Asker: 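Got a structure for you, questions after.
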Amino acid sequence: MALIHRATLRPTKLELLATWLPGRDWYGGPAGEVERVAGFRFDDPAGEVGIETLLVRTGDGPVHQVPLTYRAAPLAGGERWLLGTVEHSVLGRRWIHDGTGDPVYAAALASAILANTGQAEEFMQVDGRLEPRGLSMDIVGDTTGGTGATAVGAIRRVVEDDPTLIVTDTLELAVLRRLDGGTALTGAVLTGTWPGRAAPAPLASAAPRHGS
């Protein structure tokens, strides 16, 4: 379950992305104001890290997939993955990271792909009670392989490309960045649909790790 606070962020996540995205080699859109198309969240079993994947577009550019993690302190050794900090009116300062470098995201993504654990239900606190918030897209993990959840262990390396490759102790995870249908994925695949995209689109994949 993801609890969404009625809060303000300064700067906003989209403002951070407007600065960060043009510096990525895999980014295929123009510079400018970033628009949220859809998104989904994963649960952190420890309840410490927020995990949200945003689908965004700038102008008439392609839809990009950007997984983010939100932490109350910087990810140890994660300076390379830090987008910046935001001031959350309820939670205080939050450190925003590119999820592909965060082991908590890698573990959640592997579970979603291999065990089809799905996305977190979202709730908002209104007048002392929790009210469900409608989801903006659907995701489906591998439903044929029957491989089940696999412990990913530590992240060994990340190759920033499209797809971005996350090499862990046990798995190789691939995260598509541009969702324009031009790149195929192999292995067990996570797919998604969102407004304007009725046919399932590949989002990420998982395969056993090979080599060092």
Side-chain angles (χ1 to χ4, degrees), residues 2 4-42 49-71 74-75 78-102 104-106 108-109 112 119-120 122 124 133-139 158-166 173-183 190-198 201-204:
I4 313 300
H5 297 277
R6 290 189 181 275
T8 57
L9 294 177
R10 294 190 177 88
T12 68
K13 289 174 282 189
L14 295 181
E15 287 170 343
L16 274 182
L17 288 177
T19 300
W20 181 77
L21 280 172
R24 306 302 101 194
D25 290 341
W26 44 260
Y27 180 62
E33 185 175 349
V34 175
E35 171 193 0
R36 183 184 188 276
V37 175
F40 58 93
R41 293 175 183 262
F42 292 140
V49 179
I51 312 168
E52 182 179 20
T53 295
L54 294 177
L55 272 53
V56 298
R57 175 189 282 123
T58 304
D60 58 357
V63 175
H64 286 77
Q65 178 178 204
V66 186
L68 300 173
T69 58
Y70 312 137
R71 289 174 169 266
L75 172 65
E79 294 83 2
R80 172 184 172 188
W81 312 111
L82 183 67
L83 275 68
T85 60
V86 301
E87 294 298 330
H88 191 289
S89 61
V90 175
L91 301 176
R93 181 164 296 181
R94 306 294 286 175
W95 278 257
I96 313 298
H97 298 84
D98 176 1
T100 61
D102 194 320
V104 175
Y105 167 74
L109 178 63
Q119 60 183 300
E122 298 182 13
M124 296 198 71
R133 190 170 82 157
L135 302 177
S136 63
M137 64 180 291
D138 294 317
I139 61 170
V158 178
V159 181
E160 290 192 84
D161 203 342
D162 189 17
T164 294
L165 182 65
I166 309 168
L173 302 165
V175 179
L176 280 181
R177 295 301 198 163
R178 291 186 299 272
L179 304 181
D180 52 11
T183 305
L190 181 75
T191 60
T193 56
W194 57 90
R197 176 77 192 213
L203 300 173

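Nothing fancy with the numbering, it's 1 onward along the sequence. As a basis for the values below, the full set of heavy atoms in this structure was taken, side chains included, without hydrogen atoms, waters or symmetry mates. Predicted model only: the values in this text are computed from it and were never measured.
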Asker: So, for Thr193 and Ala198, which heavy atoms are closest and what is the spacing to 0.1 Å?
Answerer: CG2-O, 3.4 Å
Asker: Any chance you could measure Arg24, atom CZ, to His64, atom NE2, to the nearest 0.5 Å?
Answerer: 12.0 Å
Asker: Heavy atoms, side chains only, cut-off 4.5 Å: are Val175 and Pro163 in contact?
Answerer: no
Asker: Please step through side-chain contact (heavy atoms from CB on, under 4.5 Å) for the pair Val66 and Trp20, ending with a clear verdict.
Answerer: CA-CA 11 Å; Val66 186; Trp20 181 77; 3.9 Å; yes
Asker: Please name the pair of heavy atoms, one in Ala18 and one in Pro22, separated by the smallest distance, quoted to 0.1 Å.
Answerer: O-CD, 3.3 Å
Asker: Hey, what do you get for CG (Asp138) to CH2 (Trp194), rounding to the nearest 0.5 Å?
Answerer: 11.5 Å
Asker: Does any part of the side chain of Val63, heavy atoms only, come nearer than 4.5 Å to the side chain of Val56, both counted from C-beta?
Answerer: no
Asker: Taking the side chain as C-beta and beyond, is there a heavy-atom pair between Pro202 and Leu190 under 4.5 Å?
Answerer: no
Asker: Write down the atom of Ala106, the atom of Leu173, and the distance for their closest heavy-atom approach.
Answerer: O-CD1, 3.6 Å
Asker: Quick one: are Asp162 and Leu176 in side-chain contact, heavy atoms under 4.5 Å?
Answerer: yes
Asker: Could you measure the distance from the CZ atom of Arg41 to the CD atom of Gln119? Nearest 0.5 Å is fine.
Answerer: 10.5 Å
Asker: Using the side-chain contact (heavy atoms from CB on, under 4.5 Å) rule, take Thr191 and Leu203 through it: C-alpha gap first, then chi angles, then the decisive distance, then the call.
Answerer: CA-CA 5 Å; Thr191 60; Leu203 300 173; 5.7 Å; no
Asker: Can you tell me how far the CG atom of Asp161 sits from the CG atom of Asp25, to the nearest 0.5 Å?
Answerer: 8.0 Å
Asker: Salt bridge between Arg10 and Glu87, side-chain N to carboxylate O under 4.0 Å?
Answerer: no
Asker: If I compare all heavy atoms of Arg178 with all of Pro62, which pair ends up nearest, and what's the gap?
Answerer: CD-CG, 4.3 Å
Asker: Taking the side chain as every heavy atom from C-beta outward, state whether Val86 and Trp95 have any pair of such atoms under 4.5 Å apart.
Answerer: no
Asker: Is it true that Arg177 and Glu160 make a salt bridge, defined as a side-chain N closer than 4.0 Å to a carboxylate O?
Answerer: no
Asker: CG of Leu82 to OG1 of Thr69: how many Å apart, nearest 0.5 Å?
Answerer: 9.5 Å
Asker: Check for a donor-acceptor pair, side chain of Gln65 on one end and backbone N or O of Leu55 on the other, with a separation under 3.5 Å.
Answerer: no
Asker: Indicate the atoms forming the closest heavy-atom contact of Val158 with Gly101, along with that distance.
Answerer: CG2-CA, 4.4 Å
Asker: If you look at every heavy atom in Tyr70 and Arg94, which pair is closest and at what distance?
Answerer: O-NH2, 3.5 Å
Asker: Any chance you could measure Ile96, atom CD1, to Lys13, atom NZ, to the nearest 0.5 Å?
Answerer: 7.5 Å
Asker: Does the pair Asp98 and Leu68 meet the rule for a side-chain contact (heavy atoms from CB on, under 4.5 Å), with working shown?
Answerer: CA-CA 5 Å; Asp98 176 1; Leu68 300 173; 5.6 Å; no
Asker: Hydrogens and angles aside, do Tyr27 and Thr58 bring a side-chain donor and acceptor to less than 3.5 Å of each other?
Answerer: yes
Asker: One pair to check against side-chain contact (heavy atoms from CB on, under 4.5 Å): Trp81 and Thr100. What are the steps and the verdict?
Answerer: CA-CA 8 Å; Trp81 312 111; Thr100 61; 4.1 Å; yes
Asker: Between Asp102 and Arg71, is a salt bridge (Lys or Arg N to Asp or Glu O under 4.0 Å) present by the stated rule, with each step listed?
Answerer: CA-CA 10 Å; Asp102 194 320; Arg71 289 174 169 266; 2.9 Å; yes
